[in-house]
Amino acid sequence: MNQRILFLIIYCFTKNSDAKAITETSDEKDKVGFQYYPEIGWVHHHPMPLDWEEARLRCYYEDAELMSPENEEMLKVMSKIGKTAPIWTGVSATYSKGDFFTITGLPLTEIPINWAKDEPDNHNNNEDCLVMLPGGNMADCSCDETYAFSCYKPNNFKTPTCGSVTGYEMDHRTKSCYKFHSTPEIWSTAFMICAAEGAHLAVIDSPGEQDLLRDLYLKKRTNSDPGFVTLGFRDWKNHKLWMTVTGKNINNLPGVWAKNEPNNLGGKENCGNLSKDGGLNDGTCDYPLPFICEIENK
């Protein structure tokens, strides 16, 4: 694994010196940050290192897949993206030890793989994920290591008005696009999912938007949910200063609190939500709720 360490050392000195385009692309981008590569499709490169599972999850929330060199064209693009530092591929043996497949189910025998010297070595019997080194060669490594990564959508994908992620619908009253997530998540995870989709947790910052979000919630909610949906505002550190994720004081916005709210029940209600009755409510940040994401069309 010494070769990979050497590349990382070199990267620390060179990552700020190369701001040129990585390959020939069109000027077309979507709202999440995907760049169109005519030879293969849409790619969103994430320079912030994550471990393999977090990288895979981030791509999943972008309605994409953790990119792998599934053909020669994709290999060329990935080699250019990772020319100064290692990047994750979507190839792993997380389901069965030693059986490497891409996210889409392709085995190693069906994709163009060039191994780096002395690779694969399965060091300490703990290397189940593949990383592409500068130059395009591959190495196996621990899935807990952190590297940059790219998310991929195929060439036949077209960007709609509300961006590349499915499930968003535009409302003509606010010109924003909204998506209701029925799977309950804690506030921070809901925030992360919206961000991955090129959105933010929904914010009431225009007249009528509170009724709009309540109607969307009532239309989409299940009978088993607790009657609240997470929105994009919170009280920072019990300072009684309720701010939206877009940096606005909620007291200066048209949102209306429910009766006797906020009450900070138990001293731990620092995150905001909307009740099925239509009023704003404070709740605990670690209690999973359905949530609404918003993409503003400015």
Side-chain angles (χ1 to χ4, degrees), residues 1 3-5 7-8 32 34 40-79 81-82 85-133 136-157 164-167 181-186 188-190 192-193 195-197 288:
M1 306 305 291
Q3 183 178 7
R4 186 166 70 251
I5 295 173
F7 280 126
L8 287 173
V32 176
F34 280 84
I40 61 167
W42 298 84
V43 178
H44 183 192
H45 182 61
H46 292 264
M48 179 65 69
L50 295 177
D51 65 40
W52 191 89
E53 280 291 347
E54 287 293 330
R56 182 200 64 82
L57 189 62
R58 174 69 63 165
C59 292
Y60 171 80
Y61 285 133
E62 292 182 359
D63 265 1
E65 65 193 53
L66 184 56
M67 191 174 182
S68 299
E70 296 186 359
N71 53 51
E72 292 292 343
E73 290 75 18
M74 295 176 72
L75 175 63
K76 291 177 182 178
V77 171
M78 291 187 71
S79 297
I81 291 174
I87 59 173
W88 281 125
T89 73
V91 183
S92 76
T94 54
Y95 294 140
S96 174
K97 189 72 176 178
D99 298 317
F100 286 89
F101 287 83
T102 68
I103 295 293
T104 57
L106 290 177
L108 282 183
T109 55
E110 296 185 18
I111 62 176
I113 289 287
N114 295 308
W115 292 106
K117 185 179 180 181
D118 299 325
E119 299 288 353
D121 62 357
N122 192 26
H123 184 63
N124 290 332
N125 195 34
N126 188 40
E127 297 191 329
D128 297 324
C129 293
L130 298 193
V131 66
M132 180 179 288
L133 304 174
N137 291 332
M138 306 285 281
D140 58 342
C141 60
S142 169
C143 301
D144 293 329
E145 296 182 33
T146 59
Y147 295 106
F149 62 99
S150 295
C151 303
Y152 169 74
K153 296 174 185 283
N155 210 357
N156 58 2
F157 173 80
S164 65
V165 178
T166 58
H181 288 263
S182 60
T183 301
E185 301 287 356
I186 64 173
S188 60
T189 301
M192 183 271 288
I193 291 172
E197 294 179 348

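Nothing here was measured: the structure is a model prediction, and the numbers come from that model.
Around the OH atom of Tyr61, the shell of radius 6.0 Å holds more than 12 heavy atoms that belong to other residues, nucleotides or ligands.
When side chains are defined from C-beta on, Val77 counts as touching Met67, because their heavy atoms get closer than 4.5 Å. For the pair Met132 and Leu75, the minimum side-chain heavy-atom distance is below 4.5 Å. Between Trp52 and Leu66, some side-chain heavy-atom pair lies under the 4.5 Å cut-off. With a 4.5 Å cut-off on side-chain heavy atoms, Asn125 and Lys97 count as touching. Annotation: side chain of Ser68 is not in contact with side chain of Met74 (no heavy-atom distance under 4.5 Å). Inter-residue side-chain proximity for Trp115 and Asp121 is flagged as unmet; no heavy-atom pair is nearer than 4.5 Å.
Using bins of under 30°, 30° to 60° and over 60° for the plane-to-plane angle, the ring pair Trp88/Tyr147 lands in the perpendicular bin.
Of the residues listed (Val91, Leu108, Leu130), the one engaging Thr102 in a side chain to side chain contact (heavy atoms under 4.5 Å, CB included) is Val91, and it is the only one. Under the side chain to side chain contact (heavy atoms under 4.5 Å, CB included) rule, Met138 has a single partner from Val131, Leu133, Ile113, which is Ile113.
Using modelled atom types and a 3.5 Å distance limit, the side chains of Thr104 and Glu70 yield a donor-acceptor pair.
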Q. Could you walk me through whether Arg58 and Met48 pass the side chain to side chain contact (heavy atoms under 4.5 Å, CB included) check?
A. CA-CA 12 Å; Arg58 174 69 63 165; Met48 179 65 69; over 6 Å; no

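The main-chain N or O of Asn122 is found under 3.5 Å from a side-chain atom of Asp140 such that the two form a donor-acceptor pair. Side chain of Tyr152 to main chain of Ile40: a donor-acceptor pair is present (N/O by atom type, distance under 3.5 Å, no hydrogens or angles). The backbone N or O of His123 sits less than 3.5 Å from a side-chain atom of Glu127, completing a donor-acceptor pair. For Thr146 (side chain) and Pro49 (main-chain N/O), no donor-acceptor pair under 3.5 Å exists by modelled atom type. Judged by distance alone, the side chain of His44 and the main-chain N or O of Ser150 form no donor-acceptor pair under 3.5 Å.
Taking every heavy atom of both residues into account, Ala190 and Glu185 meet most closely at N-CB, 4.1 Å. Closest non-hydrogen pair, Pro69 versus Pro112, comes out as O-CD, 3.1 Å. Counting all heavy atoms, side chain and backbone alike, Cys151 lies closest to Phe34 at O-CE2, 3.5 Å. Among all heavy-atom pairs drawn from Ala196 and Glu62, the shortest one is O-CG, 2.8 Å. The shortest heavy-atom contact between Cys141 and Glu145 is CB-OE2, 3.6 Å. Listed here is the closest heavy atom pair of Ser92 and Cys129: CB-SG, 3.9 Å.
Here the CZ atom belonging to Phe101 is positioned 11.0 Å from the OG1 atom belonging to Thr94, to the nearest 0.5 angstrom. For the atom pair CZ (Arg56) and CD (Glu54), the distance works out to 9.0 Å, reported to the nearest 0.5 Å. Atoms OG and CD1, from Ser79 and Ile87 in turn, are 7.5 Å apart once rounded to the nearest 0.5 Å.
With respect to the salt-bridge test (charged N to carboxylate O, under 4.0 angstrom), the residues Glu73 and Lys76 do not qualify.
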